[in-house]
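Notes follow once the structure below has been shown.
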Amino acid sequence: MPMQKRVYIETYGCQMNEHDTERILRLLESSNYLETKDAQEADFILINTCSVREKPEHKVYSALGRYKWLKEKRGAIIGVAGCVAQQEGNKLLNRVPYLDMVIGTHAIPMLPQLLQKIEFFGQRICETGFDPEGNYLKTILPQKPPVVGSIRLDKVNLSTHQPEGLGLLEVHPEPGLSTPASKAGLRAAERVKSYVTIMQGCDHFCSYCIVPYVRGREQSRPSREIIEEVRHLAEMGVKEIFLLGQNVNSYGKGLEEEINFPKLLRRINEIEGLQRIRFTTSHPKDLSEELIQAFSKLPKLCEHIHLPFQSGSDKILKAMHRGYTKDSYLEKIDRLKEVCPFIAVTSDVIVGFPGEEEKDFEETLDLIRKVRFDDLFSFKYSPRKGTRADQFTDKVEEKVKQDRLSILQEIQKGITLQKNQELEGRVEEVLVEGLSKQSEKDVTGRTRSNKIVNFKGDVNLVGKLVPVRITNAYPHSLRGEIIPAQDLSICNLRSVIPRKA
Ligand code: 5AD
Ligand code: SF4
């Protein structure tokens, strides 16, 4: 039997990257590499990078610097994957002499063969071609837990097992390996909720954005593959599916079958065992009435939408090439709230885009106050090489950008806290994701509106949907208490009663 090897992956950026890391780990397990959380014992160190803004991009070089000595001491193979790899390609190999591998966003399935080339022939490799067939989107399905007699091991009473053991039984752990039981199965983080990629790439070419250059054009996965994957995960005990794509609203474009995103959601909603569906990201321009209606019609679709607005100024939106106006964005929000009154809305915004004047920034603040987002991810504009906005000459000074960001974040902080406080005294349906990191006596989970709730409980609750009364609201989370079944009749059942027809 070949010697077991260890892989250490450091992940930056969005959920797509996190999910790519999971896919890579699954792929490498079948090539005899198991994950380790300790870089010092790794035979292969991979940095999965993000280049959407300047800050995460710079992290790749400091990460590489940190691992140089492991190459020298242990001969570890060192690689860079993700968006910086796609963008920089051979330049990275030239700049970092101890780097063995640069692997682009479409080349993940080739990883085992590329590793062999490095191991056996000592080659340095750069693989950054795009795959027009979309084969790179295919996933290795995780292995279902073994059956002993008539007992499925994922149904065994969890109280006798370690907290991470949901869905998998501990099988002869090897010392030093962090996921000993995960061989070709689901890793701890994926066992209650899992990501599923439905499309990748983007055709929008917003003037500030590097994504279409590093992730390629939009490509959708055939629906039968997606349904098969979700069904498989649901059979393994996964309760919540997070559908991923740079612009999920354009799902189906270019496929031979007659399908769009709302239709796909309807089919996923039918899958037995699955309890919750979420998705990200949506482009406001492509948010159709059919999708808005899905929030009222599909019981498993959670009441949360992430709908980046980027700016509240029509002038800036035009320069960004976003394809909507402040008013048309607000109309979509109104419509969502009409159809689904309890929907939580989160968003992304950029401050200091070239040409942004004080009055444009005021429009952004006005939009924030009107919508009252549940949460907002705010960024200073960061020029990306190769994008159109990088050529714009009317750049905003760094100090102005920073001041605007601080003002905006202060306003949003107040709104987020108020939104959380509105939930105090309410009963929310919470999906328990695991034990709390802060206290052994607590579990942590999320409401349907995607808010984090901590409350007293033990490992037996992991993977369950429970009614929780919210007792305290904080800026980033909620505290609550579980409602015993017999008390449910006297509660304010705002979220426990299905609000959907
Ligand atoms: N500068 C600043 N923020 C950016 N984003 C994307 N590109 C840039 C950039 N060049 C932000 C957008 C996007 C989020 C993922 O990152 O708000 O929605
Ligand atoms: Fe980037 Fe715009 Fe595509 Fe979003 S829609 S990934 S911001 S180009």
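Start at 1 and go down the list; that is how both ligands and their atoms are numbered.
- Salt bridge status for Arg23 with Asp20: present, with a side-chain N to carboxylate O gap under 4.0 Å.
- Atoms of ligand 2 lying under 4.0 Å from at least one heavy atom of Tyr208, given by number and element, are 7 (S).
- In Pro308, neither the side chain nor the backbone holds a heavy atom less than 4.0 Å from any atom of ligand 2.
- Nearest protein neighbour of atom 14 (C) of ligand 1, counting heavy atoms only, is Asp348 OD2, 3.4 Å.
- Note on ligand 2: Arg322 sits in its first shell, one or more heavy atoms being nearer than 4.0 Å.
- Under 4.0 angstrom from ligand 2, the non-hydrogen atoms of Phe205 all belong to its backbone.
- When all heavy atoms of His304 and Ile343 are compared, the closest pair comes out as N-CG1, 3.9 Å.
- Contact atoms of ligand 1 toward Arg384: 10 (N) (distance under 4.0 Å to a heavy atom of the residue).
- When only non-hydrogen protein atoms are considered, atom 1 (N) of ligand 1 lies nearest to Ser382 N, 2.9 Å.
- Closest protein heavy atom to atom 16 (O) of ligand 1: Arg53 NH1, 2.8 Å.
- Lys380 pairs by the salt bridge (charged side-chain N to carboxylate O under 4.0 Å, His left out) definition with Glu398, not counting sequence neighbours.
- In summary, an N, O or S atom of Cys209 is located under 2.8 Å from atom 1 (Fe) of ligand 2.
- Remark: Arg479 fails to qualify as a cation-pi partner of Tyr474 under the 6.0 Å distance and 45° angle criteria applied to the six-membered ring.
- When non-hydrogen atoms are compared, ligand 1 lies under 4.0 Å from the backbone of Tyr208 as well as from its side chain.
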So Arg221 and Thr197, side-chain hydrogen bond (donor to acceptor under 3.5 Å, both in side chains) or not? Walk me through it.
CA-CA 8 Å; Arg221 284 175 79 192; Thr197 301; 5.7 Å; no
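- Scanning all protein heavy atoms for the shortest distance to atom 17 (O) of ligand 1 gives Gln310 OE1, 2.7 Å.
- For the pair Arg384 and Tyr213, the cation does not sit on the ring face, since its NZ or CZ is not both under 6.0 Å from the ring centre and inside 45° of the axis.
- Using a cut-off of 2.8 Å, one finds that His283 contributes no N/O/S atom close to atom 3 (Fe) of ligand 2.
- Ring centroids of Phe373 and Phe309 are separated by less than 6.0 Å, placing the two rings close together.
- The nearest protein atom to atom 2 (C) of ligand 1, hydrogens excluded, is given as Lys380 O, 3.3 Å; this is a heavy-atom distance.
- Scanning the protein heavy atoms around atom 6 (C) of ligand 1, the nearest turns out to be Val52 CG2, 3.5 Å.
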